[in-house]
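What follows is one structure encoded as structure tokens, with my remarks underneath.
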Amino acid sequence: LLRWMERGTLFLDQGNKENAIKSLSNAEHVIEQRAHNSKLEDLLTWGAGTVLETATGMEEFVEYSGEGFEKVLMLNYKSIAYLLTGERKAYNVTRRAIEWQDMEKRKFDEERRSAESKLGDEKENSEKAEAEMQEDNWDASYQQYDSIAERVPSAYVNPFGYYVAGMVQDYESRKDRSLRDNARISYEKALKLNPESAAIKKAVNDLKNKKLNNNVRLLHVIVADGFVPEKKVLEYNFAANGQVVPVKLPLYEPVSSSVDRIEIQTTSGKKIARLSSIADIEAITMRHQKDTEAFRSLRVILSLARSVGVSNATKDIPIFGALINSKVNEMSAPDTRSWMSLPANILGARIVLKKNVQQFKIVSYDSKGRKLASKRVKLYKSSDNFGYARSVNKHLYVNTSDKLWTL
């Protein structure tokens with residue numbers, strides 16, 4: 001699954017739209033195939049993996065299932081690929097992304113309630129361990145990122161699905177006025193999930209206040225900027241039953257970027273629009289980390305119980321118990337797998353250009369206003385257009401759509 005998702009984004013960034021669609025379709029197929037497995041098969045697979053995982057701490061032993069928000073982003077990226085090929089299939093894919101987001105949220109909420117219930121039971125059975133955990137204040141490493149996580153109320157508030165639906169209806173409304181309200185409604189749903197987005201606000205206002213004008217061309221630009229937080233290993237030493245127990249946990253850490261703003265400009269350098277956030281992937285990732293606190297606490301208690309259990313079982317031969325715990329701790333590895341080629345932010349802008357405009361520029365700047373990268377982009381003849389760019393510090397990779405299905 002992870003291989004296909006990574007390939008999908010990398011192919012898309014390279015402008016290889018067909019292979020991007022194939023890779024992301026393979027990822028979607030893997031997810032759907034796993035979802036249709038029988039309950040017994042799921043139970044056996046999960047049970048065998050979990051037993052070994054709990055006994056050894058080798059969390060990467062089980063297959064990578066993908067975080068819920070990653071599955072939604074997989075479909076988001078597939079819709080971008082279809083927009084670049086000029087196909088209306090982008091709409092069907094983005095509708096699935098919207099449905100999957102609701103489904104994944106319900107699934108996550110259920111799993112979190114279950115983890116919180118199990119954690120409560122473990123706390124009752126391990127009062128001393130819980131007291132020592134609280135005394136150590138071990139979760140401070142996670143709390144330092146609360147300000148990022150709190151930029152979104154949930155990891156399942158990604159508005160990109162509704163925004164793509166709005167774009168598709170926006171393009172189609174250029175010839176069918178009846179779809180103009182549909183596009184506005186989709187944009188409004190996206191705005192409800194990201195009320196601070198200037199780009200989404202503008203899209204709503206454009207369709208609310210401006211009449212249809214066939215003497216201009218519509219350009220939508222999406223830019224994926226930076227890199228999603230990277231999963232690293234946090235090793236913390238806990239005191240339990242008179243011994244020091246090292247526990248390894250996964251920890252997302254933000255990836256720094258020198259890009260402060262990205263603009264659309266004329267070829268002469270006049271600003272047309274400044275892109276703004278559609279989907280804050282960095283915040284979504286950190287919110288997911290914050291909302292999985294119960295899972296981490298449960299993991300810590302079980303790890304401490306495992307070490308104490310080994311020590312108690314070998315109390316007559318303490319050196320043997322210490323050796324076992326040492327080897328288990330050496331082998332243990334938290335799951336640090338994640339979709340690393342995702343951006344920190346998906347930016348967007350809705351732009352109306354005169355029909356005689358054939359080119360535009362995408363330019364990125366740092367916080368001091370210094371230009372980092374600039375790319376001149378050719379538009380497809382005199383039609384409406386879609387552009388996608390990947391921004392990484394001083395680099396920009398840009399692709400524009402083939403002829404849209406509306407022509």
Side-chain angles (χ1 to χ4, degrees), residues 1-14 16-17 19-35 59-60 62-82 93-94 96-97 100-101 103-105 107-108 111 145 148-149 152 154-161 164 222-233 249-257 277-292 295 333-347 388-392 397:
L1 174 62
L2 192 56
R3 174 183 63 190
W4 292 123
M5 293 193 299
E6 294 284 13
R7 285 183 177 183
T9 44
L10 295 174
F11 276 133
L12 192 62
D13 294 345
Q14 294 168 6
N16 192 334
K17 297 165 278 192
N19 277 333
I21 291 171
K22 288 179 182 177
S23 296
L24 295 168
S25 295
N26 285 338
E28 184 178 1
H29 175 71
V30 170
I31 293 170
E32 290 177 338
Q33 190 176 48
R34 290 177 181 175
E59 296 183 12
E60 293 184 359
V62 296
E63 64 187 9
Y64 186 72
S65 59
E67 304 294 358
F69 70 89
E70 290 180 337
K71 295 175 185 177
V72 175
L73 284 163
M74 179 271 297
L75 291 174
N76 291 157
Y77 263 87
K78 191 176 177 181
S79 67
I80 291 175
Y82 275 124
V93 174
T94 204
R96 286 206 300 281
W100 278 29
Q101 179 152 278
M103 177 182 69
E104 291 296 332
K105 184 180 187 306
K107 180 181 175 183
F108 176 78
E111 290 175 347
Y145 301 121
I148 300 175
V152 293
S154 162
Y156 299 93
V157 292
N158 178 357
F160 195 72
V164 172
I222 295 295
V223 177
D225 179 49
F227 281 112
V228 73
E230 182 181 352
K231 240 184 190 180
K232 297 186 177 181
V233 177
L249 298 167
L251 173 69
Y252 281 111
E253 289 186 352
V255 177
S256 62
S257 171
S277 176
I278 304 298
D280 188 343
I281 312 304
E282 180 182 67
I284 285 172
T285 304
M286 288 307 191
R287 185 73 206 197
H288 172 77
Q289 178 162 272
K290 180 177 175 63
D291 290 345
T292 52
F295 298 92
D335 193 348
T336 56
R337 294 171 294 181
S338 65
W339 190 355
M340 295 178 66
S341 57
L342 283 172
N345 217 327
I346 298 179
L347 311 169
Y388 168 75
R390 186 68 170 96
S391 165
V392 181
Y397 308 90

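This one's a predicted model, so the numbers in the text were calculated from it and none came from an experiment. For this chain, numbers begin at 1 and follow the sequence in order.
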Response to the item:
With sequence neighbours left out, the residues meeting side chain to side chain donor-acceptor pair (under 3.5 Å) with Ser391 are Asp225

Fill in: Set of side chain to side chain donor-acceptor pair (under 3.5 Å) partners for Ser257, sequence neighbours left out
none

[atom1] of [X] to [atom2] of [Y]: how many Å apart, nearest 0.5 Å?
X: Ile281; Y: Asn158; atom1: CD1; atom2: CG; answer: 5.0 Å
X: Trp339; Y: Thr285; atom1: CH2; atom2: OG1; answer: 11.0 Å
X: Thr9; Y: Leu73; atom1: OG1; atom2: CG; answer: 10.5 Å
X: Arg7; Y: Leu12; atom1: CZ; atom2: CG; answer: 15.5 Å

Worksheet item: Do the rings of Tyr252 and His288 sit parallel, tilted or perpendicular, given the 30° and 60° boundaries?
Response: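 Rings of Tyr252 and His288: perpendicular, over 60°.
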
Item to complete: Give every residue pair that meets the salt bridge (Lys or Arg N to Asp or Glu O under 4.0 Å) criterion with at least one member in residues 66-80, sequence neighbours excluded.
Response: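 Applying salt bridge (Lys or Arg N to Asp or Glu O under 4.0 Å) to every pair that reaches into residues 66-80, excluding sequence neighbours, yields Glu28-Lys78, Glu67-Lys231, Lys71-Glu104.
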
Donor-acceptor pair, side chain of [X] and main chain of [Y], under 3.5 angstrom:
X: Arg390; Y: Gly226; answer: yes
X: Ser23; Y: Ala20; answer: no
X: Asn345; Y: Leu347; answer: no

Less than 4.5 Å apart, any side-chain heavy atom of [X] and any of [Y]?
X: Tyr77; Y: Met5; value: no
X: Met74; Y: Ile31; value: yes
X: Gln289; Y: Leu251; value: yes
X: Val228; Y: Ser338; value: no
X: Tyr64; Y: Asp335; value: yes
X: Leu1; Y: Arg34; value: yes
X: Phe160; Y: Ser79; value: yes

Fill in: Within 6.0 Å of CE in Met340, more than 12 heavy atoms from elsewhere
no

